[in-house]
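A, B, ... follow the sequence lines: proteins, then strands. Residue 1 opens every chain. No hydrogens, no waters, no symmetry mates; every other heavy atom, side chains included, goes into these values.
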Amino acid sequence: MDRRRFEKLSDNAWRVAPFGAMRVPAVIYASEDLLEEMDDKVFDQTTNVAMLPGIVEASYAMPDAHWGYGFPIGGVAAFDPQAGGVVSAGGVGFDISCGVRTHLTSLTREEVLSVQEELADALYALVPVGVGAEGEVVLDRAAMDAMLTGGARWALEQGFGNAKDLLGIEEGGCIEGAEPAAVSERAKERQRREMGTLGSGNHYLEVQEVKHIFDPATAAAYGLERGKCVLTIHCGSRGLGHQIGTEFLREMAVSAQSFGISLPDRELACAPINSELGQRYLGAMRAAINCALANREIVGHIAREVFARFFGKSELPLMFDVSHNTCKLETHRIGGKDRALFVHRKGATRALGPGSASLPEPFRQYGQPVLIGGSMGAGSYVLAGVEQSEDRAFSSACHGAGRRLSRHAATRAWSGRQIVDELRAKGIVVRSPSMRGVAEEAPGAYKDVGAVVDCAEAAGLARKVAYLAPLICIKG
DNA sequence: ATGTCC
């Protein structure tokens, strides 16, 4: 994008003053290099979101923003129901509550390397992965509704995971207000056999080494120790979330006119929060959030069983589990006044600062762990929420590196086999059912995750705590 | 992201 289209607020923040039907400004957090690299579509989409009814303060984009469906991926926007605010299915995305969780291990890099290939084989054999992957858990009608209401708490009752896990999951593992009745039979049917599965695309399970610590005190509070390994899982609500997104997008697009909403882009289909459709979507979306939380809890359980085979009994305590595709009711201080807002984060991570009451005690004073998934070769980062993030984008940060090339362009540039071999030469073992998927997810198809997190830190969205280097990657 | 088009 041409930086001259923006007013420079700082080295890492760029503003577009309202023009046309924009109700608020658009603000993109990016370094000059990242901004130049972004697609013009990010400008169009971020400014389009600023036209939606009831939007508060500004339409934001994170440093990893790229072209998405309606909203940019890496978009953050908050709406006030008292001011005609809307909820948008495209503002959450198709993979509702897609997110990342990281488990701690007491294993050293050497211990993992001594069984690297075998451990990769076992994880790949036992964690269902790929398009249409099905698991051992099959839900009947009653179990489906209990799962959609109970989230990770339900998974725990079924014998998956440890009770302590709930403390480390957003919302304590279960979001209130889920309405299984608002979820179609078709969405439920698609999910019936998909619990405890990874899925495809950018989803993965990785064993990573804590390679570098930037903030020793916070790392210690999070349980991260240099040279030790962690297990990170990135997946979402599978077929259920996708089906809910598809159905509500269609319904919202059809109904927009009846609500008197004129859409700058049909993909921005939305409904007033205070409408039957808006409430029904929120109930279904929260059910999908619980589905994703339960899904990750079960995948974590399977991984723990695999680790127990190799290394004996170990707890693999959960460090944190955080979603990056959600719309959540939160209280934010706007102009000195607390307001209840519906915050859409699409490819953006909640990043609560120190002292937030909803953070678990062990690390409340350090701020929320913000888990940033990099690409296969580039590694990942753990960040921490900072106080000033509240004034930047409702306490939000980036969620990953962000794509540089489209999936199609990536498959033209690389073969999956070539990528697997190159990563093996670097000491990273990859297992995947889809070599095309690996090519689409090639490290070169993503921006430099280091530059993205440096920018997030410089912009005051979050601060760097640790860098994680992959040793094993199970890829969807 | 996705039973990669009901």
A/R407 atom CZ is separated from B/dT2 atom P, nearest whole Å, by 9 Å

Considering only NZ, NE, NH1 and NH2 on the basic side and carboxylate oxygens on the acidic side, decide whether A/R141 and A/E185 come within less than 4.0 Å. yes

By nearest-heavy-atom nucleotide on DNA chain B, the more 5' of A/E440 and A/R403 is A/R403

A/K464: partners by salt bridge (Lys or Arg N to Asp or Glu O under 4.0 Å), with sequence neighbours left out: A/D454

Counting any heavy atom closer than 4.0 Å, what does A/G199 reach on the DNA or RNA strands: base, sugar-phosphate only, or nothing? sugar-phosphate

Rounded to the nearest angstrom, tell me the gap between atom CG in A/L249 and atom P in B/dC5. 16 Å

Pick base, sugar-phosphate or nothing for A/S200, based on heavy-atom distances below 4.0 Å to the nucleic acid. base

Calculate the interatomic distance between A/E194 atom CD and B/dT2 atom P; express it in whole Å. 8 Å

Rounded to the nearest 0.5 Å, what separates atom CD in A/E157 from atom CE in A/M147? 13.0 Å

Nucleotide of B/dT2, B/dC6, B/dT4 approaching A/R238 most closely (side-chain heavy atoms): B/dT2

Rounded to whole Å, please give me the gap between CD in A/E441 and P in B/dT4. 18 Å

Length of the line joining A/D95:CG and B/dT4:C1', which is rounded to integer Å: 14 Å

Without decimals, in angstroms, what is the distance between A/E189 CD and B/dC6 P? 15 Å

In whole angstroms, the gap separating C1' of B/dT4 from CZ of A/R436 amounts to 7 Å

How long is the line joining CD of A/E247 and P of B/dT2, in whole Å? 16 Å

Using modelled atom types only, decide if a donor and an acceptor are shared between the side chain of A/Q418 and the backbone of A/S415 within a distance under 3.5 Å. yes

